[in-house]
Amino acid sequence: MSIQTSVTTLANGVKMPWLGLGVYQAEKGEEVKNAVLTALEAGYRSIDTASFYDNEESVGEAIQESGVPRDELFITTKLWNNEHGFDEALEAFERSRKKLGVDVVDLYLIHWPVPGKFKETWGALEKLYKDGKVRAIGVSNFTDQHLEELLKTTEITPMLNQVEFHPRLFQKALLEYCQSHDIQLEGWRPLGKGDLLEHDAVKEIADKHGKTPAQVLIRWALQNKVVSIPKSVTAERIRSNAEVFDFELDTKDMDTINGMNENARYGLHPDEFDYASTTK
């Protein structure tokens, strides 16, 4: 098994890599371009960006320069909070698509569940999907309550939910909810903010397997059937983060890391997010 052959199958049959490169807070221009090019050279085929990141254009340039055939790539982008609404979402998608320089986006997500708006917006994503402009559609930062609300009116169930997920926020109930509805869970900030890399239990397990703490954390997510998109702009780390398909954590390792849960977030809880300031 390698980074290129390790894929999950979404509810509609589309195959998505278990591991991708996240580019949140990677600066547009050379920084993000170099990160994407390094990742593609290292075998990554999945890149996760968003209109809010303001680097879609640079990601697109890197994709073109890489020479990797388009049909081998899996490109995800997201619609921001001020782009909600049916017509607005269709226009936002078109902007993102042009910046990325692609005809079809592999996965398009609603970035945050803006209250009172995300159901109408989801209708636009369903249209994009039916029109063949996206291969898969999903959501990001949705709780099970948001999903319940959406599923009451939706024609197409989201194929993926991207949320904060790491050992300190092991969202087991949400993971089980998504699995029961055939919604793939994807985790952002899988390595925490560096503190998890220094955790004694993680370091001990890393030593046991001859791996780095980052590799252990990524492997833990994958073995929980959660797609992982660690962000890095450092070439060595990008390459190292991909070397997670040649070992396996045993039951004791998994139980130890699962037991680190504190329901602690680095980001905001979706119900506490300041939507008013981001929807103008």
Side-chain angles (χ1 to χ4, degrees), residues 1-8 16-26 35-36 38-39 42-49 74 76 140-141 160-176 178-179 184-269:
M1 193 66 79
S2 72
I3 187 170
Q4 288 188 30
T5 59
S6 185
V7 295
T8 179
M16 175 184 188
W18 278 111
L19 182 66
L21 177 74
V23 297
Y24 175 51
Q25 292 180 328
V36 171
T38 298
Y44 288 73
R45 290 298 177 259
S46 175
I47 309 294
D48 179 275
T49 184
F74 192 94
T76 301
S140 180
N141 300 304
L160 179 139
N161 184 18
Q162 182 186 118
V163 299
E164 183 176 351
F165 190 93
H166 46 72
R168 286 208 165 117
L169 187 66
F170 177 34
Q171 302 202 59
K172 192 161 187 262
L174 180 60
L175 174 59
E176 289 171 353
C178 286
Q179 288 174 336
Q184 175 64 54
L185 202 69
E186 178 176 34
W188 56 263
R189 198 158 276 157
L191 309 180
K193 275 192 167 177
D195 52 327
L196 288 171
L197 304 176
E198 298 301 320
H199 195 287
D200 287 344
V202 175
K203 291 204 289 190
E204 200 174 303
I205 292 168
D207 288 344
K208 170 178 153 183
H209 291 279
K211 287 289 181 178
T212 67
Q215 289 165 341
V216 165
L217 292 169
I218 294 166
R219 185 72 211 175
W220 169 81
L222 300 181
Q223 286 185 219
N224 273 308
K225 302 293 184 198
V226 175
V227 171
S228 196
I229 46 168
K231 177 255 172 175
S232 181
V233 293
T234 309
E236 189 183 337
R237 283 186 197 147
I238 290 169
R239 286 191 279 265
S240 175
N241 288 346
E243 293 168 4
V244 292
F245 298 99
D246 58 353
F247 78 109
E248 198 164 308
L249 300 175
D250 59 35
T251 305
K252 188 183 173 193
D253 298 333
M254 292 297 290
D255 289 345
T256 297
I257 303 174
N258 289 349
M260 287 167 55
N261 180 51
E262 302 166 8
N263 294 323
R265 293 175 183 270
Y266 298 100
L268 288 168
H269 188 288

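The first residue of the sequence shown is numbered 1, and numbering continues consecutively from there.
The distance from atom CD1 of Ile257 to atom CD1 of Ile205, rounded to the nearest 0.5 Å, is 4.0 Å. In this structure, Ser140 OG and Glu164 CD are separated by 11.0 Å, a value rounded to the nearest 0.5 Å. Remark: Glu243 CD to Thr212 OG1 distance equals 8.5 Å, nearest 0.5 Å. Note that the CZ atom of Phe170 and the CG atom of Asn263 stand 11.0 Å from one another [nearest 0.5 Å]. Taking CZ from Arg45 and CG from Leu21, the interatomic distance works out to 12.5 Å, rounded to the nearest 0.5 Å.
The two atoms that bring Leu185 and Val163 nearest to each other are CD1-CG2, 3.9 Å, heavy atoms only. Contact detail for Ala264 and Leu169: the closest heavy-atom pair is O-CB, 3.4 Å. Annotation for Ala201 and Thr256: closest pair CB-CG2, 3.9 Å, computed over non-hydrogen atoms. Nearest approach of Leu217 to Leu197, heavy atoms of both residues: CD1-CD2, 3.7 Å. Smallest separation of non-hydrogen atoms from Val226 and Gly187: CG1-N, 3.5 Å. Nearest heavy-atom pair, Ala206 versus Val216, reported as atom, atom and distance to 0.1 Å: CA-CG2, 3.6 Å.
Between Gln171 and Arg265 the shortest side-chain heavy-atom distance falls below 4.5 Å. Using a 4.5 Å cut-off on side-chain heavy atoms (C-beta onward), Leu191 and Pro213 make no contact. Here the side chains of Phe245 and Leu222 are in contact, with some heavy-atom distance below 4.5 Å. When side chains are defined from C-beta on, His209 counts as touching Leu249, because their heavy atoms get closer than 4.5 Å. Proximity of Met260 to His166: side-chain heavy atoms (C-beta onward) are nowhere separated by under 4.5 Å. Here the side chains of Lys211 and Asp246 are in contact, with some heavy-atom distance below 4.5 Å.
The residues Lys208 and Glu204 are annotated as not salt-bridged, no charged nitrogen and carboxylate oxygen being separated by less than 4.0 angstrom. With respect to the salt-bridge test (charged N to carboxylate O, under 4.0 angstrom), the residues Arg168 and Asp195 qualify.
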Inset, instruction - Decide yes or no on side chain to side chain contact (heavy atoms under 4.5 Å, CB included) for Leu196 and Val202, but give the supporting numbers first. - result: CA-CA 7 Å; Leu196 288 171; Val202 175; 5.5 Å; no
Inset, instruction - Take Arg219 and Gln223, measure what side chain to side chain donor-acceptor pair (under 3.5 Å) needs, and give me the verdict at the end. - result: CA-CA 6 Å; Arg219 185 72 211 175; Gln223 286 185 219; 2.8 Å; yes
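Judged by distance alone, the side chain of Glu186 and the main-chain N or O of Ile229 form no donor-acceptor pair under 3.5 Å. The main-chain N or O of Val7 is found under 3.5 Å from a side-chain atom of Trp18 such that the two form a donor-acceptor pair. Side chain of Asp253 to backbone of Asp250: a donor-acceptor contact under 3.5 angstrom is found. Listed for the Thr234 side chain is no donor-acceptor partner under 3.5 Å among the backbone atoms of Glu236. The closest donor-acceptor contact from the side chain of Gln215 to the backbone of Ser240 lies under 3.5 Å. Between the side chain of Lys231 and the main chain of Trp188, no donor-acceptor pair closer than 3.5 Å is present.
Under a cut-off of 6.0 angstrom, the local environment of NZ in Lys203 is crowded, with over 12 non-hydrogen atoms contributed by other residues, nucleotides or ligands.
The only member of Asn141, Thr76, Asp48 that meets side chain to side chain donor-acceptor pair (under 3.5 Å) when paired with Gln162 is Asp48.
Ring to ring, Trp220 and Phe165 are close: their centroids are under 6.0 angstrom apart.
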